[in-house]
Amino acid sequence: MDLNTIKDAFDRVAKKQKLSSTTTQDVVDKVIQEIESVVRKMQSIDDDADSTDQKVLFSELRSKLNEIAPMQQLEASQKELHIGLSKYSKLLEKYFNPDISKAYRHVDFDISTLNQIIATHFYRQGLFDLGDCLVNDAADPSAAEAVAALKSSFLDMYRILNAMKTGNLEAALSWAATNSERLLQNESTLELKLHQLQFVEILRNGSKNEALTYARKYLAPFASVHEDEIQKLMGCLLWAGRLDQSPYANDESISQTSTYRNKITEELTQQFCSLLGQSNESPLTVAITAGVQGLPTLLKLATVMAATKKQEWQTMKQLPVPVDLGREFQFHSIFVCPVLREQGSEENPPMLMPCGHVISKQSIVKLSKSSSRPFKCPYCPLEANVSQCRQIHF
Amino acid sequence: MIRVNHRIAEKEVSAVISSVSAAADRCEDMTSEEAVTHLTSLVSRLQGLKRKLEEGSKVEALQAQRCRARLEHLESANADNLNEWNDTRLKRILVDYMLRMSYYDSAVKLAESSNIQDLVDLDAFLEAKKIIDSLHNKEVASALAWCAENRSRLKKAKSKFEFQLRLQEFIELVRAGSTLPAIEYSRKYLAPWGATHMKELQRVMATLAFRSTTECEIYKVLFEAKQWDYLVEQFKQEFCRLFGMTLEPLLNIYLQAGLSALKTPFCYEEDCPKEDPLSQEGFRKLAAQLPFSKQHHSKLVCYITKELMDSENPPLVLPNGYVYSAKALEEMAKKNDGRVTCPRTGDVCNYTELVKAFIS
């Protein structure tokens with residue numbers, strides 16, 4: 001998209017606008033001056049009350065005002081401004097789609113559900129004030145109830161995260177300890193990593209004994225599975241108080257730069273959400289980003305369909321064209337039979353032929369003339385029997 | 001997005017033009033006047049105009065600054081700050097939604113806390129709020145004032161909102177039983193619409209005969225309180241149209257597009273991965289009436305790693321027919337002496353038994 005042309009046009013408009021407002025000001029000033037001078041003159045000759053004098057003054061004033069020609073000046077500058085403005089708005093319409101609601105289907109979203117989703121989104125971002133404010137504004141007690149549980153969970157999470165930011169790992173450690181089994185199920189070594197952080201912190205302060213007791217108590221249980229890590233940490237004991245000179249100084253988990261700490265914080269967030277049964281990314285963010293990616297295709301489709309079959313747009317069960325989203329939005333395996341060009345289903349599942357190619361069951365039935373004879377794979381020279389084909393699950 | 005501001009600026013400009021022409025008219029009047037007092041009053045009027053102009057240009061400058069901020073915001077989108085930019089976009093969309101739903105407190109709070117006041121239309125909506133409130137209180141004055149302010153553009157859009165307001169006011173007069181003022185009112189304000197909206201006009205005039213206690217269905221509805229709600233809805237629509245905004249909240253539009261694009265029959269199965277928004281009840285409810293997405297080509301995602309399976313990470317078939325990515329199965333075989341376990345059925349087999357599947 002060429003933003004520069006738009007910007008140029010906008011600059012022109014802005015300039016014209018300034019120009020015209022200053023001219024307007026000037027003109028008004030001049031008019032005021034003229035009238036005031038006439039008023040002064042009139043007051044000075046007021047006593048005489050000579051009507052001819054007044055008439056002269058008026059005609060003078062009129063000619064002077066004509067000289068200033070306020071209307072013409074203003075009109076000229078306004079005209080210029082308007083030309084600029086209309087050019088600008090045309091340009092905008094050319095570059096931006098003026099009406100993205102064309103692709104909108106008149107399906108009413110359940111407001112309460114939507115508000116719940118938004119409130120949850122705020123909570124998971126740590127914006128508790130905003131979430132509460134929204135729930136208040138919406139004045140929907142059922143929604144408030146529905147999000148209350150998640151809210152308190154996220155409150156817990158942010159309590160832990162905030163403590164971590166100030167260097168206090170206690171809350172995080174106790175959370176990891178209570179959930180250690182579930183963390184292991186997720187194949188996460190978060191608990192060890194947190195202990196590592198704490199251990200190195202103690203070492204950095206130079207108290208070898210304290211570190212040793214800590215290691216005996218908390219690190220020993222991990223020794224069987226994470227031998228390497230523990231050995232490294234024990235090695236660090238020799239450099240207590242001067243870790244930066246140790247051979248491990250370049251090791252990420254020992255030097256503990258702020259990026260490493262951030263990484264651990266992130267992992268904790270991920271694991272916390274995962275144990276809550278929540279996704280890593282806010283689902284609202286995911287859905288909206290997908291919408292932004294998919295909308296251009298839908299808009300094109302809507303324009304085409306508006307011309308031919310307007311009715312179908314509101315009622316169709318499946319979009320007639322694929323909407324391409326990025327890889328990160330691919331959550332499910334979708335098999336499309338390359339012969340039939342149809343999506344696989346329970347009734348028409350994907351089948352693996354002996355040659356390794358996969359087509360749908362219906363295609364196989366067709367190719368083999370209702371399973372009566374061997375057939376050639378559509379993609380290679382190998383022949384196959386129906387009995388040799390087997391269903392596969394993605 | 002920017003069109004909105006541009007429109008506002010345009011409005012300001014036209015306001016300035018009209019006040020200027022009014023001033024010019026006064027100049028001409030003045031020449032025929034004779035008294036000094038008139039002249040002095042004229043001067044003060046002009047000075048008032050000057051003040052107004054100054055205010056107007058201040059507002060214009062503010063609008064211009066906003067336009068610029070929005071342009072710059074659009075320009076600032078690049079690969080480096082994409083995440084941040086997307087986040088801002090989501091916030092913008094949310095603020096828009098809240099403004100339209102009349103959650104003003106939340107909207108203001110969100111806009112302020114994320115510093116995007118210049119990117120959203122708080123002022124415009126707050127102005128609209130006043131009108132909506134007064135309509136809820138069954139007062140049409142501020143809405144009529146708004147109509148007068150934007151008359152030329154409403155006319156261009158063939159809006160009959162003003163007519164509807166006048167009708168409602170007329171109905172209120174009839175309800176109060178003041179027939180004569182009602183007739184007077186209709187002569188003054190309703191008659192000009194006769195050319196284009198004769199039918200509605202006739203219907204409303206008939207209420208003079210039927211009165212507010214009527215049981216006749218056609219006329220009874222005109223006296224119902226929900227007519228006012230209808231006016232509020234009408235106003236919201238006219239307002240959005242005038243500012244070049246979509247009638248629906250942006251959130252709904254994007255959410256619909258996104259959910260449509262994401263929706264597959266598999267989303268409603270039990271093992272739907274958590275990362276899919278449609279694995280959550282709320283999103284499923286919203287998407288219930290939307291169409292499914294369509295694919296022309298197979299897209300395979302490994303059940304274990306959730307990674308895409310393609311020629312670099314080909315799908316391998318277990319003897320039991322289940323398919324996983326080569327990467328995941330290799331990893332598993334390495335850890336378990338060449339044996340792999342199907343996570344969905346628990347079947348165990350050797351890595352050597354796996355068959356590569358070709359999917360075009």
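Just so we're on the same page: letters track the sequence lines, and every chain starts at 1. The shown structure was predicted, so the numbers you read here are calculated from the model rather than taken from an experiment.
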If you tally heavy-atom pairs under 4.5 Å against chain A, which of Val355(B), Leu262(B), Leu318(B) wins?
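Maximum pair count with chain A is reached by Leu262(B).
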Given the options Thr264(B), Leu110(B), Leu251(B), which has more heavy-atom pairs under 4.5 Å with chain A than any of the others?
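The option with the most such pairs is Leu110(B).
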Taking atom [atom1] of [X] and atom [atom2] of [Y], what is their separation to the nearest 0.5 Å?
| X | Y | atom1 | atom2 | value |
| --- | --- | --- | --- | --- |
| Ser325(B) | Leu316(B) | OG | CG | 7.5 Å |
| Met353(A) | Cys377(A) | CE | SG | 3.5 Å |
| Ile359(B) | Asp310(B) | CD1 | CG | 11.0 Å |

Winner by heavy-atom pair count (cut-off under 4.5 Å) against chain B, out of [options]:
| options | result |
| --- | --- |
| Thr120(A), Thr113(A), Leu127(A) | Thr113(A) |
| Cys133(A), Gly131(A), Ser333(A), Ser112(A) | Ser333(A) |
| Leu352(A), Asn115(A), Val286(A) | Asn115(A) |
| Asp132(A), Leu284(A), Asp129(A) | Leu284(A) |

Side-chain donor-acceptor pair present, Arg344(B), Tyr324(B), cut-off under 3.5 Å:
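Arg344(B) vs Tyr324(B): donor-acceptor pair found between side chains.
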Checking side-chain polar atoms at under 3.5 Å, does Tyr103(B) have a donor or acceptor matched by the opposite partner on Asn136(A)?
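The answer is no; no qualifying pair exists.
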Portion of [X] that has a non-hydrogen atom of chain B nearer than 4.5 angstrom:
| X | result |
| --- | --- |
| Cys380(A) | neither |
| Ser345(A) | neither |
| Gln293(A) | neither |
| Ile117(A) | side chain |

Any carboxylate oxygen within less than 4.0 angstrom of a Lys/Arg side-chain nitrogen, looking at Lys91(B) and Asp87(B)?
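Yes.
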Examine whether an atom of [X] lies under 4.5 Å from a heavy atom of chain A, and if so say whether it belongs to the side chain, the backbone or both; otherwise answer neither.
| X | result |
| --- | --- |
| Lys285(B) | side chain |
| Tyr303(B) | neither |
| Leu94(B) | side chain |

Hey, is the main chain of Leu290(B) close enough, under 3.5 Å, to the side chain of Lys263(B) for a donor-acceptor pair?
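Flag set: sc Lys263(B) to bb Leu290(B) pair under 3.5 Å.
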Working note: Arg100(B) + Cys240(B), criterion side chain to side chain contact (heavy atoms under 4.5 Å, CB included); need CA distance, chi angles, decisive distance, verdict.
CA-CA 10 Å; Arg100(B) 285 163 193 258; Cys240(B) 292; 3.6 Å; yes
Minimal non-hydrogen separation, Ser293(B) against Gln343(A), with atom names:
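For Ser293(B) and Gln343(A), the tightest heavy-atom pair comes out as O-OE1, 4.1 Å.
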